[in-house]
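A short write-up of the structure that comes next.
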Amino acid sequence: MNTLMNTQEIISLTEQNVLHTYNRFPVVFEKGDGVTLTDTDGKEYLDFGAGIAVFALGYGNQYVKDAIKEQTDKLIHTSNLFYHRPLAEAAAKVIAASGMDKVFFTNSGTEAIEGAIKTARKYAWLKDGGADHEIIAMNQSFHGRSVGALSVTGNSHYQDPFRPLMGGVRFADFNDLESVKAQVNEKTCAIILETVQGEGGIYPADPEFLKGVKAICEEKDILLILDEIQCGMGRCGSMYAWQQYGTMPDIMTTAKALGCGIPVGAFVLNKKVAEASLVPGDHGTTYGGNPLACAAVSAVFDQFEELKIVEHVQKITPYLEKTLDRLVSSLDCLTARRGMGLMQGLVVTGRPVGGVVSACLKEGLVVLSAGSDVIRLVPPLVITEQDIDRMADILERVLSAE
Ligand SMILES: *Cc1c(COP(=O)(O)O)cnc(C)c1O
């Protein structure tokens, strides 16, 4: 195939052959370095999207690249019928970072959610043999696009064309403990929520809410599933956002930054659940946790430690918050800031957020949207104060223009 295709040819060839499920921006990225992306025309972009909260370490981290290259030369795949060194190492690092008990690696966040749902159902089934267990999920949540994950995603726009979905799901309002209590009954086997809602518009859980949900779960032996796919891996100022709340889940899902670009996710169980849920034959995956993916996970954890990523997020967050708060107070079209650590949202009024994202791109800044009216900032976790200043300059320019 012609490798000298120009930008427009790449776009046309893609649209000709790839199923149109995304309205892509007319930009073709070719390489990344640190917090900078470069497109096929040589234009540079400051990246505050990180491939949707994936590139925690920025682009081109040498240590991670070397680990992936080395593993590629050694052994990319074995299947889960055999042991391998990268799995042993990566699993130990996830367990050490979370303080939980057992991990199962998947290929995506969605599959981690599927595993969490199956685990919760198996746990409940072992207790009472029932086949009618229910899960409580949150309105405005996002957990993925497979039928199981979609069934616990509280967004009718995503759900409606695909009904009937998985049964036994009830929805409650995020940060409204009474609405959760109203959905609990003898059949409830799990409550699933994002510690910080991402796609829904960047809503951190209120500490009192999460504590209340945890108390309900403990009282009734209902499993708490915390989806840390977007908010985890250091993004909110701790390795996992729940660690700041002091609320360990029974099941955690993680993905996105876990492999910093290599497709990998995981669900992680506490001891109680690990000892009474999935056994051989219950769950499996051909690729999940293969040597290449696990080598990436392992290297990512090494770099988090080496570069003191979590400490850096804690140190730089006040500067980002202060900068964004200044924009909110000086620009009429911004009404609020919400978020935790380097997962921040700005609420836009009076103009469509999609237009703001497009205008930022033209000015060389990648930002994302969330919900219907939120500018979502999820930069690489290695950003500096200068990067934040540059982001704010561009955003201010874009939002000041009519
Ligand atoms: C992205 C995301 C998912 C889905 O992960 P995929 O890797 O896209 O399958 C699930 N939950 C949350 C909170 C997410 O942000």
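Counting starts at 1 for both ligands and their atoms, in listed order.
Protein residues having a heavy atom under 4.0 Å from any atom of ligand 1 are Ser108, Gly109, Thr110, Phe142, His143, Glu194, Asp227, Ile229, Gln230, Lys256, listed by chain and number.
Checked against salt bridge (Lys or Arg N to Asp or Glu O under 4.0 Å), Lys220 has no partners two or more places apart in sequence or in another chain. With sequence neighbours excluded, the residues forming a side chain to side chain contact (heavy atoms under 4.5 Å, CB included) with Lys31 are Thr38, listed by chain and number.
Defined by atom type and a distance below 3.5 Å, a donor-acceptor pair is present between the side-chain atoms of Thr384 and Asp387. Checked by atom type, the side-chain pair Ser238/Gln244 shows a donor-acceptor distance below 3.5 Å.
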**OP:** Give the intermediate values and the outcome of salt bridge (Lys or Arg N to Asp or Glu O under 4.0 Å) for residues Lys272 and Asp101.
**Re:** CA-CA 9 Å; Lys272 172 179 92 170; Asp101 194 55; over 6 Å; no
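Among pairs with a residue in residues 49-59, those fulfilling side chain to side chain donor-acceptor pair (under 3.5 Å) read Asp47-Tyr59, at least two apart in sequence or across chains.
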